[in-house]
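Structure, as structure tokens:
Each chain gets a letter, A, B and so on, in the order the sequences are listed, and its residues count up from 1.
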There are 2 protein chains.
Amino acid sequence: MGRPREFDEAAVLDASAKQFRVRGFADTSTEQLCEAAGVKRSSLYNTFISKDELFIRSLERHISVALDAQKAILTENALSGCERLAALFDLILEEEGSARKKGHAAGCMIVASRMAPGIGDREPRVQRILDRFMDRQLSLVAEAVASGRLDGSLRNDLSPRDAALMIVSAISGIRVLSQSGTGVSSLRKVADLHLDSLRA
Amino acid sequence: MGRPREFDEAAVLDASAKQFRVRGFADTSTEQLCEAAGVKRSSLYNTFISKDELFIRSLERHISVALDAQKAILTENALSGCERLAALFDLILEEEGSARKKGHAAGCMIVASRMAPGIGDREPRVQRILDRFMDRQLSLVAEAVASGRLDGSLRNDLSPRDAALMIVSAISGIRVLSQSGTGVSSLRKVADLHLDSLRA
DNA sequence: CGTGTTTTGTATTTTAAAATACAAAATGGA
DNA sequence: TCCATTTTGTATTTTAAAATACAAAACACG
């Protein structure tokens, strides 16, 4: 009962996430958020309590869909372990490339939330969300590495965990490079170099 | 003539840089800056004009000393090309390790400034300073790679420029990993993996 | 000694953004 | 239909931090 909602919650979270990504947490006002999401302030506060809570929920959703996409790739049985890693890099490069096209060169919400203190200090949940994401990402990549050792596509002298750390760090590195304006073709070479070092 | 200054300008810049690193730009108030630097607000504004200007000068100084340290290592004639790169990774790991010990796990001012929009949007100079840093860093690393090819310590089938991009991205990746709480010993393994892939 | 000049300390003003208050609107169910 | 309940729109309040104003202090120089 009561008056029905006129907006889609997930759409607001996506629009918010984009704003936060492009302008940063501190530099996006609630007014910009309202405008971007096409929602009035009272609706925002009524639904999401505060700017902090809205950010947290946006981050949660962003990470959830990002992780799903990576999981789909990294557990694709039709691919060898090495091919899975290659496809993961493809995904990252595609994301960066299309972000580039859409004008907003900015940025990776996950890496930015990690590196920029701010809300992450006040809000332990931000830390927790990011930690959990990284744990899962590391596990997924480590599994792909392990299966790459079995199918012979990857070196068998490396620990899956260490290799996974290396891959994950490479991805972050690429995101930073991309934010610095490095062209996608260069990013591709960097990704290839990283991957080559793990090949059998 | 006139009343002499009671504080050291460089010391204020260093203290400010630390605050900005630990708390982020938006979340450090001028009051915190004054307290950290041991200087009254009027002195700050009198000398540095505004919070924005103070940040820019802090960043400039921070980058300048960082680059000097890297340059010293990367142009050390006594070392082979590969050893120079290894020493560079050592420097990074040492920085991260000692930051960890001092409690403030946060953070790399350079990567954070890149990834977190904010002042960087308003201030083209921030962009310029970071671009310039990266150019120089890339050149220094590329030179080290080139000399590593000559002295036989590094693979001779890779373009110095691409290899340099790969190294620089690896460094950023390690910084992100470190910020996420990864232990220094794991960071070391990651660095070794990255370096191994370039060895002759 | 003073006098001009710069720095320093304190108190105040400005500002901008977050958050709230409250009436009007819109529905489902009795 | 009308009432309880929730959302929506607008206007206002709260807040915190950046920036300024101005008098007192400290020195160099004549």
task = Please confirm whether Lys51(B) makes a cation-pi placement over Phe25(B), using NZ or CZ under 6.0 Å from the six-membered ring centre and within 45° of the ring normal.
result = yes
Starting at [atom1] of [X] and ending at [atom2] of [N], how long is that distance when rounded to a whole Å?
{"X": "Asn46(A)", "N": "dT7(D)", "atom1": "CG", "atom2": "P", "value": "5 Å"}
{"X": "Arg23(A)", "N": "dA16(C)", "atom1": "CZ", "atom2": "P", "value": "15 Å"}
{"X": "Phe7(A)", "N": "dA26(C)", "atom1": "CZ", "atom2": "P", "value": "16 Å"}
{"X": "Leu44(B)", "N": "dA21(D)", "atom1": "CG", "atom2": "P", "value": "17 Å"}

inquiry  = Does either side chain, that of Asp151(A) or that of Ser153(A), offer a donor lying less than 3.5 Å from an acceptor on the other one?
reply    = yes
ask   = Any luck finding a side-chain donor-acceptor pair between Ser186(B) and Arg161(A) under 3.5 Å?
value = no
key: Residues Arg175(B), Glu95(B): salt bridge by 4.0 Å N-O rule   = yes
query = Does a salt bridge link Arg125(B) with Glu53(B), judged by any charged N lying under 4.0 Å from a carboxylate O?
reply = yes
Nucleotide N/O to protein N/O under 3.5 Å, stretch nucleotides 23-30 of chain D:
{"from": "dA25(D)", "atom 1": "N3", "to": "Arg3(B)", "atom 2": "NH1", "distance (Å)": "3.2"}
{"from": "dA26(D)", "atom 1": "O4'", "to": "Arg3(B)", "atom 2": "NE", "distance (Å)": "3.4"}

ask   = Where is the tightest heavy-atom contact between Ser43(A) and Phe7(A), given as atom of each residue plus distance?
value = CB-CE2, 3.8 Å
request  = Indicate the atoms forming the closest heavy-atom contact of Arg84(A) with Glu76(A), along with that distance.
outcome  = NE-O, 3.1 Å
task = Could you please name the option among dG9(D), dT8(D), dT7(C) that lies closest to any side-chain atom of Arg5(B)?
result = dT7(C)
key: Pairwise side-chain contact, Ile92(B) with Gln70(B), heavy-atom cut-off 4.5 Å (strictly under)   = yes
Residue-phosphate contact under 4.0 Å: Lys40(A) side-chain N/O, dT10(D) OP1/OP2 = yes
Heteroatom pairs (N/O) under 3.5 angstrom, protein to nucleotides 17-20 of chain C:
{"from": "dA18(C)", "atom 1": "OP1", "to": "Thr28(A)", "atom 2": "O", "distance (Å)": "3.4"}
{"from": "dA18(C)", "atom 1": "OP1", "to": "Lys51(A)", "atom 2": "NZ", "distance (Å)": "2.7"}
{"from": "dA18(C)", "atom 1": "OP2", "to": "Thr30(A)", "atom 2": "N", "distance (Å)": "2.7"}
{"from": "dA18(C)", "atom 1": "OP2", "to": "Thr30(A)", "atom 2": "OG1", "distance (Å)": "3.0"}
{"from": "dA19(C)", "atom 1": "OP2", "to": "Tyr45(A)", "atom 2": "OH", "distance (Å)": "3.0"}
{"from": "dA19(C)", "atom 1": "OP2", "to": "Lys51(A)", "atom 2": "N", "distance (Å)": "3.3"}

